[in-house]
Amino acid sequence: SAQFSFSESNFRGAGQGIRLSVSASKDRSSVGLGYKERGFLGRDVLVSMDIDYTDSKPRSTGYTANLLAIKPAIGFNLSSDTRVNIVYKIENLDVTAVGTSEVLKQDLGKSTRSAIDLAFRLDKRNSIIKPTKGYMIKFGSEIAGLGGDEQFVKSKASGKIYQGLYGNNIILSTELEGGVLTMGKGY
C-alpha cells in the first residue's frame, strides 16, 4: 500500500488551509482535497470545501463500493465566546457487490445522503491552551433527509468543567457527553 498526504494550515501566510491526500492499497484507494479560508471577506468567518472519493474492493468480504463526498462549510462567532459551524454534506454511495452477506444485500445499488450538520459551542474557559477555571458546552445536530435517500437526526451534547486547586497546581476536570439518533427512511 502507498499513502501520500500534504496539509498546510497557513498557506501563503494568510491563514488559509489546504489538504491533499492520496492512498492506494489492494483493497482500497482514495483521494481527498480540501480548502479553508479562515478570514473570509476580511471577517472572522471560516469557509471551507472538502471533496473526497473512496473506491473500496476488499477481497476478503466481497463488499465493493464507491463513495463521493462533497462538504462545503461556514463557521462564525456569535460573540467572543460563542461559535456556530454549519456544514452541508452530500454523499453518493454506489455499492456494486456485497459478497454472501444477506444483511448487506439491502445496501446494493446507488444511494445519496444529503445532510446539514449544525454545531454550537459556548466556551467560558479562562484559557484555551491550559484552562484552570471555566466550562465549555457543545451542541450538535446532523439532519439528513433534505433530498437523498436517507432520513435521520443525530444529535449530541457535551460539557466540560475545569477547576484549579491549590494555586492551580492541580486541575480537576469532568466531562459529560450524550447523544440521540432518530432513524427514518433508508434504515
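All residue numbers in this chain count up from 1 along the given sequence.
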Decide whether [X] and [Y] meet the rule of one side-chain donor and one side-chain acceptor closer than 3.5 Å.
{"X": "Tyr88", "Y": "Ser114", "answer": "yes"}
{"X": "Ser155", "Y": "Ser141", "answer": "yes"}
{"X": "Asp27", "Y": "Ser56", "answer": "no"}

What are the two closest heavy atoms between [X] and [Y], and how far apart are they?
{"X": "Glu91", "Y": "Ala69", "result": "CG-CB, 3.8 Å"}
{"X": "Glu150", "Y": "Ser111", "result": "OE2-OG, 4.4 Å"}
{"X": "Gln151", "Y": "Gly145", "result": "CG-CA, 3.7 Å"}
{"X": "Leu33", "Y": "Asp52", "result": "N-OD1, 4.3 Å"}
{"X": "Ser9", "Y": "Arg38", "result": "O-NH1, 3.4 Å"}
{"X": "Ile70", "Y": "Met49", "result": "CG2-SD, 3.9 Å"}

Open item on the list: Going by side chain to side chain contact (heavy atoms under 4.5 Å, CB included), Lys110 matches just one of Asp94, Leu93, Val95. Which one?
Closed with: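 Testing each of Asp94, Leu93, Val95 against Lys110, the sole residue satisfying side chain to side chain contact (heavy atoms under 4.5 Å, CB included) is Asp94.
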Task: Result of checking Asp44, Val47, Val45 against Phe76 for side chain to side chain contact (heavy atoms under 4.5 Å, CB included) - done: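 Option passing the side chain to side chain contact (heavy atoms under 4.5 Å, CB included) with Phe76: Val45.
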Heavy-atom check, side chain of [X] versus side chain of [Y], under 4.5 Å:
{"X": "Leu78", "Y": "Arg83", "result": "no"}
{"X": "Lys160", "Y": "Ser173", "result": "yes"}
{"X": "Asp123", "Y": "Tyr135", "result": "no"}
{"X": "Leu46", "Y": "Phe40", "result": "no"}
{"X": "Asn66", "Y": "Tyr53", "result": "yes"}
{"X": "Ile18", "Y": "Phe6", "result": "yes"}

Task: Option from Arg121, Arg125, Lys124 for which salt bridge (charged side-chain N to carboxylate O under 4.0 Å, His left out) with Asp81 holds - done: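 Result for salt bridge (charged side-chain N to carboxylate O under 4.0 Å, His left out) with Asp81: Lys124.
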Could you grab the distance from atom [atom1] of [X] to atom [atom2] of [Y], nearest 0.5 Å is fine?
{"X": "Asn92", "Y": "Leu67", "atom1": "CG", "atom2": "CG", "value": "8.0 Å"}
{"X": "Lys26", "Y": "Ser1", "atom1": "NZ", "atom2": "OG", "value": "9.5 Å"}
{"X": "Gln163", "Y": "Lys133", "atom1": "CD", "atom2": "NZ", "value": "6.0 Å"}
{"X": "Ile51", "Y": "Ile90", "atom1": "CD1", "atom2": "CD1", "value": "12.0 Å"}
{"X": "Ser48", "Y": "Tyr35", "atom1": "OG", "atom2": "OH", "value": "10.5 Å"}
{"X": "Ile74", "Y": "Ile86", "atom1": "CD1", "atom2": "CD1", "value": "7.0 Å"}

- [ ] Output yes when a side-chain donor or acceptor of Asn126 lies under 3.5 Å from a complementary backbone atom of Thr132, and no otherwise.
- [x]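 Judged by distance alone, yes, a pair lies under 3.5 Å.
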Side-chain heavy atoms nearer than 4.5 Å, only ILVMFWY residues, links allowed to pass through others: does that put [X] and [Y] together?
{"X": "Phe139", "Y": "Val180", "answer": "no"}
{"X": "Tyr162", "Y": "Ile170", "answer": "no"}
{"X": "Val153", "Y": "Met183", "answer": "no"}

- [ ] Check step by step if side-chain contact (heavy atoms from CB on, under 4.5 Å) holds for Phe152 and Thr182.
- [x] CA-CA 6 Å; Phe152 64 85; Thr182 305; over 6 Å; no
Open item on the list: Please determine whether the number of non-hydrogen atoms from other residues, nucleotides or ligands lying under 6.0 Å from atom CD1 of Ile128 exceeds 12.
Closed with: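 No - once you tally the heavy atoms of other residues, nucleotides and ligands closer than 6.0 Å, there are 12 at most.
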Task: Within 6.0 angstrom of Ile161 CD1, more than 12 heavy atoms from elsewhere - done: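 No, because the 6.0 Å sphere around CD1 of Ile161 holds 12 heavy atoms or fewer from other groups.
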Task: Candidate pair Arg19 and Asp50, rule salt bridge (Lys or Arg N to Asp or Glu O under 4.0 Å), full reasoning - done: CA-CA 9 Å; Arg19 172 185 65 92; Asp50 289 294; 3.0 Å; yes
Task: Ion pair Glu142/Lys89, N-O distance below 4.0 Å - done: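 Looking at Lys89 together with Glu142, the answer is yes, because their closest N to O distance falls below 4.0 Å.
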